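Comments concern the structure below.
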Amino acid sequence: MIWRIVVALSLWNEAMELFLDAAELDEITRYKDFIDGVTTNPSIMSKYKLSEHDSLIKEICKVVAGPVSVEVISQKYDDMVREGQKISKICANVCVKLPCTLDGLRACRALSIKGIPTNLTLCFSSAQALLAAKCGATYVSPFIGRLDDNGYDGTLLVEEIVEIFYAQGYETKVLAASVRNLQHVIQSALVGASAITMPPMILKQCFQHHLTTLGLERFAEDVQKNK
Ligand code: G3P
């Protein structure tokens, strides 16, 4: 607990970035006042034709000024570096998403040396996160929901990575991903995640509360009574 407070205090001036895990322009536009950036992945992008991907990313970058993570589909080092460089040219705020594999980590180092921001995805262990930081990743994305699905505690992994990066002085940001519920959001904030990405449905749940709705209905009723 004390350790958690020390970590939280050390991150005092850096508020958690909030990203939308989506590519739908209308959703991104709807929530643009809350979000600092966008994350996509091949599954999210598969709703669009491959030939439309670059123009969609350009449109997203017009709506949000912060990082827009776009994932490579290549799985071999050389191809990943080539594809990552191509992706980084779509827009200045694009962040290249790479998997936490040997090739992905090597590509992360190569792209980091060129000054290209990276987001190391499909992270399921602190050891993977440690290597991502070692390779100069801008962000590393532990997948909370998928760990929970498999009987592990995803939030605990986020906490562990935050503590390791603090203890080791790594600047790589911990981006809580695969967020499925409000508990994931609150826990990630509590343990000091630098960033979180959530689907539109979860962001919507963040501002919805049945007591707010009920309270508003009562206020409206009282206003009517006085008319
Ligand atoms: O974008 C990566 C991540 O957020 C995916 O989440 O729900 O498919 O596990 P999910």
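Counting starts at 1 for both ligands and their atoms, in listed order. Not measured: the values here are computed from a predicted model.
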> In the hydrophobic clustering that connects Ile, Leu, Val, Met, Phe, Trp and Tyr at side-chain heavy-atom distances below 4.5 Å, which members other than L211 occupy its cluster, ordered by chain and number?
Replying inline: L214
> Are K173 and E17 within salt-bridge range, i.e. N to O under 4.0 Å?
Replying inline: yes
> With sequence neighbours excluded, what pairs up with K62 under the salt bridge (charged side-chain N to carboxylate O under 4.0 Å, His left out) test?
Replying inline: E59
> With sequence neighbours excluded, what pairs up with R30 under the salt bridge (charged side-chain N to carboxylate O under 4.0 Å, His left out) test?
Replying inline: E27
> Would you call the rings of Y139 and F19 parallel, tilted or perpendicular, where under 30° means parallel and over 60° means perpendicular?
Replying inline: perpendicular
> Under a strict 4.0 Å criterion on non-hydrogen atoms, which protein residues are in contact with ligand 1?
Replying inline: D21, N41, K97, F143, R146, A177, S178, R180
>> When you group the ILVMFWY residues by side-chain heavy-atom contacts below 4.5 Å and let the links chain together, are L122 and L175 in the same group?
In response: no
